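Below: one structure, written as structure tokens.
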Amino acid sequence: MILGICGSGRKEGNTGALVEEVLKGTGAETELIWLIDLNLGYCTGCMRCVFEGNCWQQDGMTNILYKKMLDCEAIVLGSPCYYGEVSGLVKSMMDRSIALGYMGIGKESENPMHGRKPLAGKPGAVVGAVAGHGIEHTLEVMEKFLGYSEIKVVGKLGAVAGMDDVREKQDIMEQARGLGVKIREALRVKQK
Ligand SMILES: Cc1cc2nc3c(=O)[nH]c(=O)nc-3n(C[C@H](O)[C@H](O)[C@H](O)COP(=O)(O)O)c2cc1C
């Protein structure tokens, strides 16, 4: 399963359309998770995950998304550009993911989230939607996040769409599908 993670609160918006199109381009079994549905808490920086191998908070991150990120073959992460940055939803998801991908320290345990980089080697892609300016940094932040987890970023796409619907921009939608194809190819190479 290829996992799409969308950090826009607007399900009719452009970020979701981009993530969906990348997923479609993979031609594989996919699942799209909307962070807005997960009732995410903030990372409190307590670092209990370092010692306990998991986050103490009980929400969609601990109960849904960690497992999906571990189980999936590849990740497509999308954010709208807010003030030249990722959305708060994406930032919270990234911070909370420290229990999964960046920890790399602490005792070994039976918990698959503990003391390793369990997402390493999965292909990934990042997409972002913006009205005008600021998408470069938005994409860079997401790329860096995937990089910390040693996810291999196969490509990125920033859609500058003004107030328009990106679904009507054929060139952008084509590029999104192309990104999906790149993920499929990366998975094929990995399986060989
Ligand atoms: C809080 C907020 C901040 C934004 N900041 C920017 C910005 O820095 N640059 C810009 O060009 N557009 C900005 N926008 C516009 C969004 O990037 C644009 O509408 C984008 O399509 C939103 O994604 P969505 O369609 O998935 O909701 C902002 C919108 C919001 C709500």
Side-chain angles (χ1 to χ4, degrees), residues 1-45 59-61 64-66 68-69 72 74-97 119 122-149 151 153-184:
M1 178 271 287
I2 300 181
L3 180 65
I5 302 175
C6 184
S8 170
R10 289 198 322 136
K11 291 194 177 172
E12 73 289 4
N14 286 341
T15 312
L18 293 170
V19 175
E20 278 173 350
E21 206 65 11
V22 178
L23 292 178
K24 202 190 281 178
T26 66
E29 183 200 337
T30 63
E31 186 169 345
L32 175 57
I33 295 282
W34 290 86
L35 296 177
I36 192 85
D37 293 336
L38 296 187
N39 196 23
L40 293 184
Y42 300 111
C43 175
T44 62
D59 60 10
M61 194 76 204
I64 298 170
L65 197 57
Y66 284 151
K68 296 219 182 273
M69 289 169 90
C72 73
I75 293 178
V76 180
L77 176 58
S79 178
C81 169
Y82 286 174
Y83 296 105
E85 255 285 0
V86 294
S87 66
L89 281 168
V90 170
K91 184 67 168 80
S92 286
M93 182 280 292
M94 294 193 305
D95 292 350
R96 293 286 302 288
S97 298
L119 308 181
K122 293 182 198 257
V126 296
V127 297
V130 68
H133 301 284
I135 197 64
E136 298 79 12
H137 184 62
T138 307
L139 295 175
E140 188 187 332
V141 168
M142 291 189 284
E143 269 188 283
K144 221 172 243 180
F145 161 69
L146 295 183
Y148 282 137
S149 303
I151 290 171
V153 180
V154 301
K156 59 183 168 182
L157 175 61
V160 184
M163 301 309 280
D164 298 338
D165 187 337
V166 80
R167 293 167 189 81
E168 286 163 14
K169 298 188 182 294
Q170 288 311 314
D171 53 330
I172 294 177
M173 297 312 265
E174 211 166 283
Q175 287 177 57
R177 283 194 297 280
L179 212 45
V181 171
K182 274 191 175 175
I183 290 180
R184 185 168 68 207

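Just so you know, these numbers use all the heavy atoms, side chains as well, and skip hydrogens, waters and symmetry mates. Values in this document were obtained by computation on a predicted structure and should not be read as measured data. Just so you know, ligand 1 is whichever comes first in the structure, and atom 1 is the first atom listed for that ligand.
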Within the 4.0 Å heavy-atom shell around Gly13, which atoms of ligand 1 are there? 25 (O), 26 (O)
Can you confirm whether Leu77 sits close enough to Phe145 that some side-chain heavy atom of one is under 4.5 Å from a side-chain heavy atom of the other? yes
What part of Arg10 sits under 4.0 Å from ligand 1 if we count only heavy atoms: the side chain, the backbone, both or neither? side chain
In terms of atom number and element, which parts of ligand 1 are under 4.0 angstrom from non-hydrogen atoms of Ser8? 24 (P), 26 (O), 27 (O)
Please report the C-alpha distance between Asp37 and Lys11 in whole Å, then the side-chain angles of each, then the deciding distance to 0.1 Å, and finally whether the side-chain contact (heavy atoms from CB on, under 4.5 Å) criterion is met. CA-CA 11 Å; Asp37 293 336; Lys11 291 194 177 172; 2.7 Å; yes
For atom 5 (N) of ligand 1, what is the nearest protein heavy atom, given as residue, atom name and distance? Tyr83 N, 2.8 Å
Number the atoms of ligand 1 from 1 as they appear, then name those within less than 4.0 Å of a heavy atom of Asn14, with their elements. 21 (O), 24 (P), 25 (O), 26 (O)
Please list, in number order, the atoms of ligand 1 under 4.0 Å from a heavy atom of Gly132. 10 (C), 11 (O)
Do the side chain of Thr26 and the main chain of Leu23 share a donor and acceptor less than 3.5 angstrom apart? yes
Of the protein's non-hydrogen atoms, which lies at the shortest distance from atom 20 (C) of ligand 1, and what is that distance? Ala129 O, 3.8 Å
Salt bridge flag under 4.0 Å for residues Glu20 and Lys24: no
Please confirm whether Pro80 comes under 4.0 Å of ligand 1, counting heavy atoms of the residue only. yes
Counting non-hydrogen protein atoms only, what is the nearest one to atom 9 (N) of ligand 1? Give residue, atom name and distance. His133 O, 2.7 Å
Partner of Val22 by side chain to side chain contact (heavy atoms under 4.5 Å, CB included), out of Val181, Ile2, Leu179, Val126: Leu179
When only distance counts, is Gly84 in polar contact with ligand 1, meaning an N/O pair under 3.5 Å? yes
Looking only at protein heavy atoms, which one is nearest to atom 26 (O) of ligand 1, and how far off is it? Thr15 OG1, 2.6 Å
To atom 15 (C) of ligand 1, the nearest of Ala131, Gly78, Gly7, Ala159 on a heavy-atom basis is Ala131
Contact between ligand 1 and Ala161 is defined here as a heavy atom of the residue under 4.0 Å from a ligand atom; is it met? no
Close side-chain approach of Met142 and Val153, heavy atoms under 4.5 Å: no
Does the N or O separation between Val130 and ligand 1 drop below 3.5 Å for any pair? no
Looking only at heavy atoms, the pair that brings Ala176 and Leu18 closest together is CB-O, 4.1 Å
Short question: side chain of Lys122, backbone of Cys72 - any donor-acceptor pair under 3.5 Å? yes
I want to know if ligand 1 touches Tyr82 in the polar sense, i.e. an N/O pair below 3.5 angstrom. no
Min N/O separation Cys81 to ligand 1 under 3.5 Å: yes
Go through the steps to decide whether Ser97 and Met61 satisfy the test side-chain contact (heavy atoms from CB on, under 4.5 Å), and finish with yes or no. CA-CA 8 Å; Ser97 298; Met61 194 76 204; 3.4 Å; yes
Determine yes or no for a side-chain-to-main-chain donor-acceptor pair under 3.5 angstrom, with Asp59 supplying the side chain and Gly41 the backbone. yes
